[in-house]
Amino acid sequence: MRRVNWFIAAALMATLFFGCKAKEQTAEAPPPEKPKAEAPAEAKTETPAQPQPDATASAPAATTRQGYDRALLRAALLKEKAPDTFKVKFTTTRGDFTVTVTRPWAPIGADRFYNLVKHHFYDNASFFRVVPSFVVQFGLSAYPPVSAAWESANIKDEPVVGSNKRGYLTYAKTSRPDTRSTQIFINLKDNAGLDGQGFSPFGYVDAQGMKVVDMLYDQYGDSGPEQDQISKLGKPYIDKGWPKLDSIKTATLLGPAAAAAKP
């Protein structure tokens with residue numbers, strides 16, 4: 001996976017693919033992607049009606065989950081349909097925040113996220129790319145065997161129904177079609193220029209949670225870890241070279257979705 005970071009200033013809005021150092025693309029000052037990254041070009045878009053993020057106070061963080069769910073080694077089998085709406089609690093080294101997913105905005109992306117969270121794909125993963133006033137990117141597994149299993153597990157693109165507003169979550173991707181996989185970015189500001197580039201939001205962080213997201217360590221900017229190396233070496237690689245990066249302790253389903261996910 002190559003990291004493609006497109007830092008093109010506001011004038012060249014083409015830098016909207018999420019600084020993917022490996023396989024995905026990111027936004028504006030290169031947008032976020034999975035180990036595929038590149039900066040998408042600026043774009044215009046409309047923003048369909050979508051619920052405003054309501055502020056929900058986050059609860060205290062739980063212990064970091066150790067190891068990984070073996071089901072993650074069989075990416076092709078994890079295709080459960082997600083509820084029309086569901087919430088995910090992220091417990092991080094900086095605090096907690098909640099994501100609300102609305103499946104109709106991007107059904108394929110919502111289903112993928114639901115299955116990844118259900119099997120704890122994001123547990124122990126780092127926020128490896130945090131670009132101030134742009135995006136926070138994560139979604140590379142802390143475990144090399146899991147990364148290998150998902151390397152080619154891409155999903156198809158889908159229409160952009162919502163807009164990349166502050167707090168909204170979208171998959172990172174490359175400039176090639178159908179390259180979304182596991183990498184996600186959270187918009188730190190309104191990035192409407194990403195809309196026309198095919199970045200489809202599928203959920204949002206509530207107002208209270210964005211206070212936590214805004215505090216994630218961002219001083220490495222786009223000089224953080226290489227995505228391909230994260231995939232090959234896992235979290236020890238990040239901890240050694242970029243020890244101040246924040247990470248996800250656990251990402252878990254909440255409410256009815258959590259109950260439905262239990263075997």
Side-chain angles (χ1 to χ4, degrees), residues 1-7 17-27 29-39 61 63-76 78 90-94 112-113 115-131 135-155 171-174 176 179-186 216-252:
M1 306 178 156
R2 307 177 196 143
R3 161 191 185 171
V4 184
N5 295 315
W6 297 21
F7 304 80
F17 276 91
F18 309 159
C20 284
K21 313 180 175 182
K23 199 179 174 180
E24 290 177 86
Q25 198 174 302
T26 53
E33 334 183 0
K34 110 178 163 179
K36 326 167 176 183
E38 263 181 61
T63 333
T64 302
R65 183 186 180 88
Q66 300 299 319
Y68 58 86
D69 185 337
R70 295 287 170 176
L72 290 171
L73 300 180
R74 299 169 294 175
L78 303 186
F90 280 79
T91 295
T92 79
T93 50
R94 192 64 65 172
R112 167 58 58 88
F113 185 63
N115 282 278
L116 290 172
V117 172
K118 176 180 177 180
H119 293 282
H120 297 278
F121 177 93
Y122 297 110
D123 291 11
N124 300 325
S126 298
F127 295 101
F128 64 83
R129 182 170 181 253
V130 185
V131 183
V135 298
V136 168
Q137 188 171 335
F138 65 96
L140 290 175
S141 176
Y143 309 101
V146 175
S147 291
W150 291 84
E151 183 174 359
S152 301
N154 295 336
I155 55 178
Y171 282 90
K173 65 189 184 69
T174 66
R176 291 176 291 114
T179 50
R180 298 184 302 164
S181 180
T182 63
Q183 285 198 47
I184 290 169
F185 63 93
I186 302 171
L216 294 173
Y217 189 79
D218 62 7
Q219 294 306 293
Y220 297 124
D222 263 313
S223 299
E226 293 292 332
Q227 292 186 32
D228 59 346
Q229 292 302 301
I230 298 175
S231 297
K232 292 174 185 175
L233 305 175
K235 198 165 187 301
Y237 162 72
I238 296 179
D239 292 343
K240 181 178 179 181
W242 297 268
K244 294 184 178 181
L245 285 176
D246 286 298
S247 59
I248 299 164
K249 293 182 177 181
T250 59
T252 54

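These numbers come from the heavy atoms of this one structure, side chains and all, not from hydrogens, waters or symmetry mates.
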Backbone of A251 reached by a side-chain donor or acceptor of D123 within 3.5 Å
yes
Please name the pair of heavy atoms, one in S231 and one in S147, separated by the smallest distance, quoted to 0.1 Å.
O-CB, 3.6 Å
Would you say the side-chain atoms of N124 and Y143 include a donor-acceptor pair closer than 3.5 Å?
yes
So, do T92 and K249 sit near enough that their side-chain heavy atoms are less than 4.5 Å apart?
no
S141 side chain to V146 main-chain N or O, any donor-acceptor pair under 3.5 Å?
no
Side chains of F113 and Y122 in contact at under 4.5 Å (non-hydrogen atoms):
yes
Quick one: does any side-chain atom of W150 pair with a main-chain N or O of L140 as donor and acceptor, under 3.5 Å?
no
At what distance, to the nearest 0.5 angstrom, does CZ of R94 lie from CD1 of I248?
14.0 Å
Applying side chain to side chain contact (heavy atoms under 4.5 Å, CB included) to Q227 and F128, what does each step give before you reach the verdict?
CA-CA 8 Å; Q227 292 186 32; F128 64 83; 3.6 Å; yes
With a 4.5 Å heavy-atom cut-off, do T179 and Y171 have their side chains touching?
no
How many angstroms lie between OG1 in T93 and CG in L216, if you round to the nearest 0.5 Å?
7.0 Å
Only counting residues at least two apart or in another chain, list the ones meeting side chain to side chain contact (heavy atoms under 4.5 Å, CB included) with P144.
none
Looking only at heavy atoms, what is the nearest atom pair of L73 and P145, with distance?
CD2-O, 3.7 Å
side-chain hydrogen bond (donor to acceptor under 3.5 Å, both in side chains) with R74: which residues, sequence neighbours excluded?
none
Under the ring-ring contact (aromatic ring centres under 6.0 Å, His included) rule, collect the residues that match up with F127, sequence neighbours excluded.
F138
Out of curiosity, R70 CZ to H119 NE2, how far, rounded to the nearest 0.5 Å?
14.5 Å
L72 versus A149, closest heavy-atom pair with distance
O-CB, 3.6 Å
Is it the case that the ring center of Y237 lies less than 6.0 angstrom away from the ring center of W242?
yes
Applying side chain to side chain contact (heavy atoms under 4.5 Å, CB included), name anything that partners K244, two or more places apart in sequence or on another chain.
Y217, Y220
side-chain hydrogen bond (donor to acceptor under 3.5 Å, both in side chains) filter on N115, not counting sequence neighbours, yields none
Is the shortest side-chain heavy-atom distance between T182 and L116 below 4.5 Å?
yes
For S126, enumerate each residue passing the side chain to side chain contact (heavy atoms under 4.5 Å, CB included) test, keeping only those at least two apart in sequence or located in another chain.
K235, I238, S247
